[in-house]
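Because the structure is predicted, anything quoted here is derived from the model rather than measured. In what follows, every chain begins at residue 1, and chains take the letters A, B, ... in the order their sequences are listed. Values below: all heavy atoms of this structure, side chains included; hydrogens, waters and symmetry mates excluded.
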Amino acid sequence: MAEPAPKRRKTTLHALGSNGNYQLGFSHTQDTSTPTKCVFHDKNITLNHVPLAEHEEVKKIITGGNHTLLLTNLGRVWSAGLNDTGQRGLVAPEELGIQNGLSAGERSDTAFSSGDVGFGGWRLLSWTGAQHLQRDTGRDHTAYVTDLAATWTASYLVLDNTSVYSCGSGQKGELGLGKDVVASTTPKRCFDLQDVEPGESTTVKQIAGCMSHAVVLSTSGKLYGWGASRKGQLGQVMRETKVSWTPRRVDLGLTDGEEWPVDQVCAGRDFTFVVGRRSQEQYFLGDASKLGIELPLPLTESTEKREHGVNIHAGWTSITVLSSNGTAQAFGKSPQGFVKNLVRARTLHNIASMAVGSEHCLAISDDGDVLASGWNEHGNCGDENDLDAVDNAQQANTIWHNKANHRTIGVAAGCATSFILTESIAVDETENG
Amino acid sequence: MAEEGDIYDEIEIEDMTFDQTLQIYHYPCPCGDRFEINIDDLRDGHEIAVCPSCSLQIRVIFDISDLPEKEDDHPQPVAVTV
Ligand SMILES: [Zn+2]
């Protein structure tokens, strides 16, 4: 008797929007307002789905100004877009020779010099975190990448939920590698939780970056940050120095006895927003009034439900809060600032999860459809002429319809870029019998 | 002069980056490209930096007196008529 044919999952990444530097991960640099399959170069094979091993899943997609990184739960990192300052962590060909375990095929596949922008599609990072962590700290881990973040031209790789490695460039301390270090074409260790919270079993709970600053939240509720600090985005102390070249503890300015552990953080262009586990525990680092944000925000979630309750997201000039009842509310300048848009939502309903880009947002509805709202000059919120696609009740554009055998599993948004991750279940006939 | 509705934001010049080679100030645009303005245009009193890839513009907040001195290393040859 023939066994039933094995079911095979196929994960596909679709992208739309601004694409002048291959940041969408196609083989060309045309903008598109239609979700289009991304191209992955796996060794010498080109695929139009994400190459995943068994039990491997896409964990996170993050965006810089012109580059995009994708992390899997096995710690593999794929990247697309501009690599002119090494922000994709890809190394120059001459440096590849010193790396172990690379086949000739992999070598030629990843071998391109920093500064070369003439490459399309997504490519796998071959940088070996374990080797570096061992050398830098003496710690003998099977180090793998557990989280990612980016600024405009820098990227951050978190190893083992503890150490942060940075690469790329930044004039305002974005690399966190010390005074006047403005470029590094390979990842170098800029922050280690074991240095600042020694002997504790704390780990990196969250890392976030926006245009020119980065923040790390520890599971102890402490916040650390570096990069541009002139706007107060890293607190009052670091505001004075204008630029913070090395990571430091961010002082929330709370008086003794009134301190609370930070539960979530999000980073906007000139600000950082944090919340604790209680709704009145919120703190805005930066100039809220310039963005028209009135504090405190009306967060109504109860403490107990926070894990599946409020999720905070930052755009460049706005904050979006998604509550457990499925209501997404936008605060700040973006929703009503400049006016060259078809759709602009202040509030979305029946939302399961979302992503916020520079000046637009994507939301997955309870039905698995993907809604887009915000600035759409590059087509990142879909086709403006396709009026049927506009959900008038939501004031958002439906750019993806969920299908039973091809469901939406995630979204990501960057600088006028949108990404939709889908999963299809296919019966694999080739392995039948 | 650009209309108010076209202005994405007002940005202090200290937050912009000066490119010595190109003699321009630039600042990231939410589209992925960047707003640019030539230092000579600032000296002439212009204050709108534009993005070459989209319609957004920013107003640069600055004092002309705070701009770096104009370098006169290479004075223009004077046209001589005989
Ligand atoms: Zn632009």
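- Comparing A:R230, A:Q23, A:Q171, A:M211 by heavy-atom pairs within less than 4.5 Å of chain B, the highest count is held by A:R230.
- With a 4.5 Å cut-off on non-hydrogen atoms, A:D270 touches chain B through its side chain but not through its backbone.
- Using a 30° and 60° split on the angle between ring planes, A:H28 and A:F26 fall in the tilted class, from 30° to 60°.
- Side-chain atoms of B:F18 and B:I24, non-hydrogen and from C-beta on, never get closer than 4.5 Å to each other.
- Checked against the 6.0 Å centroid threshold, A:W226 and A:Y156 count as a close aromatic pair.
- For the pair B:I58 and B:I37, the minimum side-chain heavy-atom distance is 4.5 Å or more.
- No other option in B:G32, B:S53, B:C29 has as many heavy-atom pairs under 4.5 Å with chain A as B:G32.
- Residue with the most contacts toward chain A among B:D9, B:D33, B:T17: B:D9 (heavy-atom pairs, distance under 4.5 Å).
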